[in-house]
There are 2 protein chains.
Amino acid sequence: MAAQVTATPAFTRAEPDARRHSLIEATARVLAREGAAGTSVRAIAVEAGVSPGLVGHYFSGIDALVAATYAHVEGQVSRAIDAALGEAGNDPRARLNAFVTASFRAPVASGELLATWIAFWSLVRSRSDIARQHDEQYAAFRARLEALLGDCGMEAVHRRRAAIAITALIDGLWLELCLSPEAFSAKEAGAIARSAIDALL
Amino acid sequence: MAAQVTATPAFTRAEPDARRHSLIEATARVLAREGAAGTSVRAIAVEAGVSPGLVGHYFSGIDALVAATYAHVEGQVSRAIDAALGEAGNDPRARLNAFVTASFRAPVASGELLATWIAFWSLVRSRSDIARQHDEQYAAFRARLEALLGDCGMEAVHRRRAAIAITALIDGLWLELCLSPEAFSAKEAGAIARSAIDALL
DNA sequence: GCACTTGTTGTACGAGTGTCCAACAAGCAA
DNA sequence: TTGCTTGTTGGACACTCGTACAACAAGTGC
């Protein structure tokens with residue numbers, strides 16, 4: 001029958017930025033579902049509803065795609081924390097508490113994000129460009145925390161160490177929370193972090 | 001002499017335990033050198049000077065081998081910390097400090113170990129047996145810390161949270177130290193952890 | 001000497017990998 | 001319309017992957 005020859009439009013052109021974005025989001029979903037080992041060019045292409053060749057057209061390789069996905073997810077985390085800070089009002093201490101609480105709440109603390117982090121970490125030691133990206137994003141995270149500590153009245157000389165400590169504490173709690181959710185609760189993690197900050201201020 | 005017919009002994013039988021051990025150590029070396037992505041059955045077999053088929057004879061698959069390697073490396077870390085505790089003498093506070101200092105010193109804090117940890121973490125979410133192994137080893141680490149805190153006179157009701165906090169802090173500092181060694185030094189990490197413990201006691 | 005068990009080898013297999021590329025589809029310029 | 005650029009396809013390529021397995025080597029018991 002000569003009807004409906006093109007039932008499925010096999011070809012749909014998209015805005016380059018939109019396509020990049022959809023590939024990145026597909027990568028995040030595949031990482032969350034399959035883990036780092038099951039994340040291949042083909043799996044990502046299927047997830048994005050696109051042919052495998054297109055991945056190579058937008059990204060130099062799978063490593064670059066993972067790095068872009070990490071940057072994107074880190075941006076989402078950053079915005080989620082900004083939103084929490086916005087809701088917390090103007091009191092500096094309340095803002096700091098909101099920062100901590102948001103870190104242990106969805107969408108920041110979720111086992112699905114963990115796979116993206118792990119896939120990215122596994123590239124840091126072998127690829128210097130990715131190591132640089134990590135350094136920058138870590139520095140940005142710490143700088144924001146230092147600013148919040150300054151608003152709380154902490155003297156400038158102490159801020160650096162305090163920010164390193166709090167970042168490490170949050171990261172460690174976050175990691176353990178994702179890896180073995182039974183060991184302690186998000187509520188407990190928040191309480192631990194807040195009392196550590198009390199001690200530092 | 002009868003002409004050295006067998007210049008290279010292609011076949012050497014080893015004690016089962018010794019062979020297991022040599023495969024595990026080869027895996028640790030490959031993980032350190034190539035990262036998780038480059039760690040295959042063949043690469044491990046070459047590193048151990050053994051045919052690829054032998055890996056399957058001792059381990060059910062590469063995941064089991066990675067899990068065994070993690071357990072082995074964790075054992076080394078544990079012994080390194082025990083040795084540090086032994087050198088610290090009997091003063092409870094000095095022992096706690098030794099615990100912290102050893103955590104940021106070779107062989108515990110080394111970028112080479114990181115790859116083993118990451119490879120293991122990447123299996124936690126998809127394999128329940130490995131999740132259980134992680135839970136057990138995390139619980140053991142924390143239990144030891146709780147005992148040290150008890151020796152320092154901390155009341156039993158506070159030990160659990162304090163141990164969670166210190167473990168997370170050490171893990172977070174350790175991770176960042178391995179990922180971006182430029183951000184802060186091992187000495188600084190030790191100082192941060194020790195003053196956090198001061199605050200808790 | 002012989003059978004028997006078992007560590008060990010090397011290879012073959014099918015599935016999956018990343019990368020490459022000729023062909024095609026769509027929009028834009030002239 | 002005609003040509004040109006470019007997003008997109010789908011498959012071919014040359015791998016590498018984990019696993020399975022027949023064959024072999026070294027002990028062990030008899």
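Heavy-atom basis, side chains included; hydrogens, waters and symmetry copies ignored. All chains are named by letter (A, B, ...) in the order of the sequence lines, taking the proteins before the strands, and each is independently numbered beginning at 1. The model shown is predicted, which means the values in this text are computed figures rather than measured ones.
With sequence neighbours excluded, the residues satisfying ring-ring contact (aromatic ring centres under 6.0 Å, His included) with B/Phe141 are B/Phe99. Taking the side chain to side chain donor-acceptor pair (under 3.5 Å) definition, one finds that B/Asp151 meets it with nothing, sequence neighbours left out.
What separates CD of A/Glu34 from C1' of C/dT17 is a distance of 15 Å, to the nearest Å. One atom, CG of B/Leu54, and another, P of C/dT11, lie 16 Å apart when rounded to the nearest Å. Distance B/Arg20 CZ to C/dT8 P: 12 Å, rounded to the nearest Å. Atom CZ in B/Phe59 sits about 14 Å away from atom C1' in C/dG7, given to the nearest Å.
Ring centroids of A/Trp117 and A/Trp174 are separated by less than 6.0 Å, placing the two rings close together.
Note on A/Arg19: every side-chain N or O is 4.0 Å or more away from OP1 and OP2 of D/dG7. Phosphate contact (OP1/OP2 of C/dG7, side-chain N/O of B/His57, threshold under 4.0 Å): present.
Residue pairs meeting the salt bridge (Lys or Arg N to Asp or Glu O under 4.0 Å) criterion with at least one member in residues 16-29 of chain B, sequence neighbours excluded: B/Arg29-B/Glu47.
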Hey, can you pull the donor-acceptor pairs under 3.5 Å for the side chains in residues 53-64 of chain A, sequence neighbours left out?
{"residue": "A/Asp63", "atom": "OD2", "partner": "A/Arg127", "partner atom": "NH1", "Å": "3.1"}

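The closest side-chain heavy-atom distance from A/Leu175 to A/Asp171 is not below 4.5 Å. Between B/Asn97 and B/Arg93, some side-chain heavy-atom pair lies under the 4.5 Å cut-off.
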- prompt: Going 5' to 3' along nucleotides 13-30 of chain D, which nucleotides have protein heavy atoms under 4.0 Å from the base (write B), which only from the sugar-phosphate (write S), and which from neither (write -)?
  reply: ----BBBB----BB----

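For the helix from C/dG1-D/dC30 to C/dA30-D/dT1, the end axes, each set by the C1' atoms of five terminal pairs, are bent relative to each other by 0° (nearest 10°).
Among the protein residues, A/Tyr58 comes within range of the sugar-phosphate backbone only, with heavy atoms under 4.0 Å from sugar or phosphate atoms but none that close to a base.
Below 30°, between 30° and 60°, or above 60°: for A/Tyr70 and A/Phe120 the angle between ring planes is below 30°, a parallel geometry.
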